[in-house]
Each structure stands twice: as C-alpha cells, then as structure tokens.
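Please read these numbers as outputs of a predicted model, since none were measured by experiment. Protein chains get the first letters and strands the later ones, always in sequence-line order, with residue 1 at the start of each.
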Amino acid sequence: MIDIKLIREQREYVKKEMEKLFVSVPIDEIFELDESKRRLLYDIECLRNARKTLSKEIASEKDEETILMKKAKVKRINESIKFQEDELNIVGGRFKTLMLSVPNLPGRDVPVGKDETENAVVSYFNEKKKFDFTPETHYKIGQKRDLIDFERGAKISGTRFYILKKGFARLQRALINFMLDVHVTYHDYEEVYPPYMINEECLIGTGQLPKFADNLYKDEDSGLWFVPTAEVPVTNMYRSEIFNAEDLPIKHVAYTACFRKEKMSAGKDTKGIKRGHQFDKIELVKITTPEAAKEELLSLIADAQDILNRLDIPHRLIRICTGDLSFTASEKFDIEVYAPGINEWLEVSSCSDFGSFQARRANIKFKRNKSSKAEYVNTLNGSGLALPRVMIAVIENYQTKDGRIRIPNALKSYFGTEEFI
RNA sequence: GGAGAGAUGGCCGAGCUGGUCGAAGGCGUUCGCCUGCUAAGCGAAUGUAUGUCCUAAUAGAUGUACCGAGGGUUCGAAUCCCUCUCUCUCCGCCA
C-alpha cells in the first residue's frame, strides 16, 4: 500500500509515477473517497462526543424527567451515528479495496520502460561452457536415464507435476543444503523453517492478495492458503511488530516448497521442469531501515549470485524497468542462468526492494530510539535460489557426451565419493 | 475430538455486583533532586492509531477509537450476552 498522504498532498505526482508503470489507477476516485471518509469520520466523532457528554450527565442527574429527556436525545444521536456509520462502511470498504489494488511507486532510479523488452542487462557473469557435442535438454536426459518421471507425475497429480528420481532427487536435496549452508555460513542469514500453509492476512500483508488470488491454492475448509513463496510467511513473522533500529537489518533464509496455479501461464513453459505447480525455493528476506535498503538490496543480489559463482554457472543480471516491475516492488533485479540444452536464459531469482509498501500493509515498523515515533521498515527479498531452474542449469551445463552429469566441485561434499550422476 | 481455566498498557497485576476507567498498584524506563562513586531515597513524566485547530515543526491544544477479534444489550460496556481466535490444564487419538 502506498501512503495515502501522497495522494492527498501530491496527487499529480502520484499520477505521473503511475503512468511510468503503464497501468491505470483510479487516483482521483481514491482521493474523493478519502475526503468523504474523513468527513464522515469527523461527523461521527462529534456525535459520539455529544453522546458521551450526555451519558455522563445522566449518571449524575437526579431529576427523573430530565433523565428521560436526555436518554431520548442520546437515542436520536445513536440513530444518526448508525446512519453515518453505514455510509462510512460503504465508503471505507470501497476505499480500502482500491488502496489495496494500487501498485507500489517505482524507485527513483528505476529506468522507465514499457515492458520486459526494455529491461537492461547489467552484466554477464561466468563464461558459457564450450561443448564438443550438441548439449542435450535436461528433460531428455532425465527421461533417457530415468531420473525424471513426467508420466507418473501426471498420473498421480496431473499436468505440471513430475517426479525426480535417484541422482536428480539427490542433486536437488544437495542443492537445497548447499544454498542454505552458504547463506547461513558465509552471508550471515538466520535460517527459519516456516509453515507452508498460512492465513489470509499474510497474503494481504505481502501483496499477493487480493490481486493474485487466481494463482494461489487454498484449503477452503480451514481458510488457509498454500505458500506461493517463503517471502510470505517469513516477512509476515513480524506483522504488527516494532523493531529497535539497532536490531536491523533482519536477515532470514528459508527453504520451502512453493505452490502456484500458473493459470496465467497456461500453455507456456510446459516442457521440462521449468514451471510446475509445486517447486522448491530458497528465499532470502531482509527487513531494514529505509536508508539502508539500497545497499542491502545490492548485497542480497550478490549473495544470490554467489551461489551461481560457486557452482560456476553462467548467468546475467537484469535491471527491471518501470513497466515490468511487479505489483509490490519499487526496485527489482532479476538473475537469469544460461541453460545450453534448451538454449534459454532462465530466471532463478528476482531481488526486490519493496520500500514501505509491504510494511504498510503488514504494519511492520521500527523506532530509531526509545522516544522516537515508529516508522515503517523497508522489506526486501529475493530467491537464493529457485531449485528447478538451478537444477536445469546444473544438469545442462555439467552434462557429458555420454549423457552423465558431472558433480560441480561445490557440491562434492554432499555426494560422498560419487563424481557423476 | 471431549471437559475446564484464561486473554487488561513495555512487563507483572487489580478492576469484571455497568457510569467518577485510558484504566489502581508494582516493576521497568526517562528527567530532576540528593549523594565522594555506586546503590538506596525523594519528586515528576512515561501506550498506540487517527482526525480537527494552530504551527517552522514528528512542537502544542483538543476530539475519537483501542482492555484477544467481531457482533449484541444499554442513555452509557474492560465490566453483561453471543460468535470466533489463541494460550494453559486434564482426558482421548495420533506421525
């Protein structure tokens, strides 16, 4: 949620910023709703004040008739209050709905661009591998060597589900441990293992709801939702909490499975393990002061990239332009790995600074010192990294001519004496 | 799943036969006094959110809401009633 004061005081500025995102947002309507909401609230408060005064008078009043008269007066006041409150509920409800659907404002130095075609590659890292044969796709290798079972995945769960077997199952498990170990040991993140099912407030807090309900799984019986990313439970751990400035930044790393319906992407990325309804991910989450956010974003990106450097996987860093920013982000960088088999760049991490957008929704604040007023924190996160696509990159980059996968040096300690899958 | 107990300010803890309760008391914290230093002692202050007025102001004045959450009764609710959530104890079941 953006600050309503911006709409109150700098409406034209907000409109201009929203134009950079190439979305239409009913700023004027929000402004007017806010005005009438405040007017109603003011009227109601005056009425309540009158009621309070009269009630107190009744308590000390002796004369029966005066009491009756005053009681009748309060009853009339209550009727007006009720009337105004009903009005307020309608106006306030509409206001809230609209506010929750306003995307975050783009950060100051985010380049303006229409869509993903105007994103800029910041830089390339690690040399592409040279092959003296045509590199195979991960799914061909997986099927040929019985390391991925797509048929039985579909049999037990439907399309976009697969079963990893033997060396690939172990490779994924090794990667999970490797990533967690690196972030905990070398990057100073505190590991957490959160629930995979969460209540609705969490998803409103981090901005997945109400807008992206279509892409989320829900258990109707309990009202709980399945996590689409660990960002949601980990950030929401601190919902409605106030930090002391000296306790920031908070840095967490979490491993979870993630569940997404992927309706929007129907028919897209159906081959291989690139896009499933369930996938594993290591997530990095930071909570910082506003002034530390930029630096923390850059180090978060570096932390995610470190995984790829240790694995020696070619990748590139992309700066996301305004038109391609996600709903909640004020600034965002993507990391893409190169997969020579399918010959694609695959997004393995999206690193974002959300400014105070999520903090405002989830009510997460900090105090600079004991006597100062609580301010909203900045929340940041990025994958560190998404498992299936790193799996693709490892499999396709480390394949040998005879269809085996050489185990990257960084993962050797997770595989005992084996050198190949 | 069954039976019972509970949820109050940074913490502990009164109030719960409805009005004088934004809420006693204690602890903690902050400031001042006292003091060779520390401790003790004395005095004062000390919730959050949001609106209005006034402002250079996150300074002042004032309104409203908040005693787990949401409804209800009443002129008036922390106090009474209903629903829900969570915590604790006991029983059952269980990886």
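- Remark on RNA chain B: of its neighbouring residues A:Lys56 and A:Lys5, the 5'-side contact belongs to A:Lys56, judged by nearest-heavy-atom nucleotide.
- Of the P atoms belonging to B:rU48 and B:rA24, the separation is 16 Å, rounded to the nearest Å.
- When the C1' atom is used for both B:rU38 and B:rG19, the distance is 49 Å, rounded to whole Å.
- A:Arg360 comes within 4.0 angstrom of no nucleic acid atom, judged by non-hydrogen atoms across all strands.
- Using cut-offs of 30° and 60° for the angle between ring planes, the A:Tyr238 and A:His252 rings count as parallel.
- Regarding A:Phe243, its CZ atom lies at a distance of 18 Å from the C1' atom of B:rU48, rounded to whole Å.
- At least one side-chain nitrogen or oxygen of A:Asn49 sits closer than 4.0 Å to the OP1 or OP2 atom of B:rU64.
- Shown here, B:rA45 forms a base pair with B:rU29; the pair counts as Watson-Crick or G-U wobble because both key distances fall under 3.5 Å.
- The distance from atom CG of A:Asn199 to atom P of B:rC84 is 18 Å, rounded to the nearest whole Å.
- Atom name C1', nucleotides B:rG1 and B:rU73: the rounded distance is 34 Å, in whole Å.
- Using a 4.0 Å heavy-atom criterion, one finds that A:Lys73 contacts no nucleic acid atom at all.
- Searching all strands for a Watson-Crick or G-U wobble partner of B:rA95 with both distances below 3.5 Å returns nothing.
- As rounded to the nearest Å, B:rG28 and B:rC12 have P atoms that lie 15 Å from one another.
- Residue contacts for A:Lys365: at a heavy-atom cut-off of 4.0 Å it reaches the sugar-phosphate backbone alone, with no base atom in range.
- Remark: side-chain polar atoms of A:His315 are not paired, donor with acceptor, to backbone N or O of A:Glu336 under 3.5 angstrom.
- For the OP1/OP2 pair of B:rC75 and a distance below 4.0 Å, the side-chain nitrogens and oxygens of A:Arg48 include no atom meeting the criterion.
- If you measure from atom CD1 of A:Ile77 to atom P of B:rU74, you get 17 Å, rounded to the nearest angstrom.
- Comparing B:rG51, B:rA49, B:rC75 by their closest approach to the side chain of A:Arg8 singles out B:rG51.
- Considering only side-chain N and O atoms, A:Arg38 lies under 4.0 angstrom from the phosphate OP1 or OP2 of B:rU52.
- Under the Watson-Crick and G-U wobble criteria, each requiring two contacts below 3.5 Å, nucleotide B:rA23 is left unpaired.
- Counting to the nearest Å, the C1' atom of B:rG9 and the CD1 atom of A:Ile242 are 13 Å from each other.
- Nucleotide B:rC53 is matched to B:rG60 when pairs are restricted to Watson-Crick or G-U wobble geometry with both distances under 3.5 angstrom.
- Across all strands shown, A:Lys70 has no heavy atoms under 4.0 Å from either base or sugar-phosphate atoms.
- The partner of B:rA40, taking Watson-Crick or G-U wobble pairs whose two distances both stay under 3.5 Å, does not exist in any strand shown.
- Taking atom CG of residue A:Asp86 and atom C1' of nucleotide B:rG71, one finds them 14 Å apart after rounding to whole Å.
- Taking the six-membered ring wherever Trp is involved, the centroid distance between the rings of A:Tyr162 and A:Tyr139 does not fall below 6.0 Å.
- For B:rC84, the paired nucleotide is B:rG68, the pair qualifying as Watson-Crick or G-U wobble because both relevant distances are below 3.5 Å.
- Residue whose closest nucleotide on RNA chain B sits further toward the 5' end, between A:Thr53 and A:Lys75: A:Thr53.
- Judged by distance alone, the side chain of A:Ser356 and the main-chain N or O of A:Arg360 form no donor-acceptor pair under 3.5 Å.
- For A:Glu45 against B:rG63, a side-chain-to-base donor-acceptor contact under 3.5 Å is present.
- In this structure, A:Leu40 places its CG atom 15 Å from P of B:rG51, rounding to the nearest Å.
- Here, B:rA95 and B:rU89 have their C1' atoms 24 Å apart, quoted to the whole Å.
- Looking at the side chain of A:Ile58, the nearest of the listed nucleotides B:rU64, B:rG19, B:rU52 is B:rG19.
- With both ends at atom C1', the span from B:rC86 to B:rG70 equals 15 Å, rounded to whole Å.
- Using modelled atom types, one side-chain atom of A:Asn119 and one backbone atom of A:Cys321 make a donor-acceptor pair closer than 3.5 Å.
- Nucleotides B:rG22 and B:rC66 place their C1' atoms 9 Å apart, quoted to the nearest Å.
- Among the nucleotides B:rA49, B:rC75, B:rU52, the one closest to the side chain of A:Ala374 is B:rA49.
- Atom pair A:Leu88:CG and B:rU50:P shows a separation of 16 Å (rounding to whole Å applied).
- Base pairing annotation: B:rU74 forms no Watson-Crick or G-U wobble pair, as no partner gives both donor-acceptor distances under 3.5 Å.
- In this structure, B:rU35 forms no base pair with any nucleotide, since neither Watson-Crick nor G-U wobble geometry is met with both distances under 3.5 Å.
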Stepwise side chain to side chain donor-acceptor pair (under 3.5 Å) test for A:Asn49 and A:Lys52
CA-CA 5 Å; A:Asn49 184 232; A:Lys52 201 171 178 177; over 6 Å; no

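- Using a 4.0 Å heavy-atom distance criterion, A:Leu54 is classed as making no nucleic acid contact.
- Within the cation-pi definition used here (under 6.0 Å to the ring centroid, within 45° of the axis), A:Arg361 does not qualify as a partner of A:Phe354.
- Taking atom C1' in both B:rU29 and B:rG71, one finds a spacing of 39 Å when rounded to whole Å.
- A straight line from NZ of A:Lys52 to P of B:rC75 spans 19 Å, rounded to a whole angstrom.
- Checked by atom type and distance alone, the side chain of A:Asn215 pairs as donor or acceptor with a backbone atom of A:Glu262 at under 3.5 Å.
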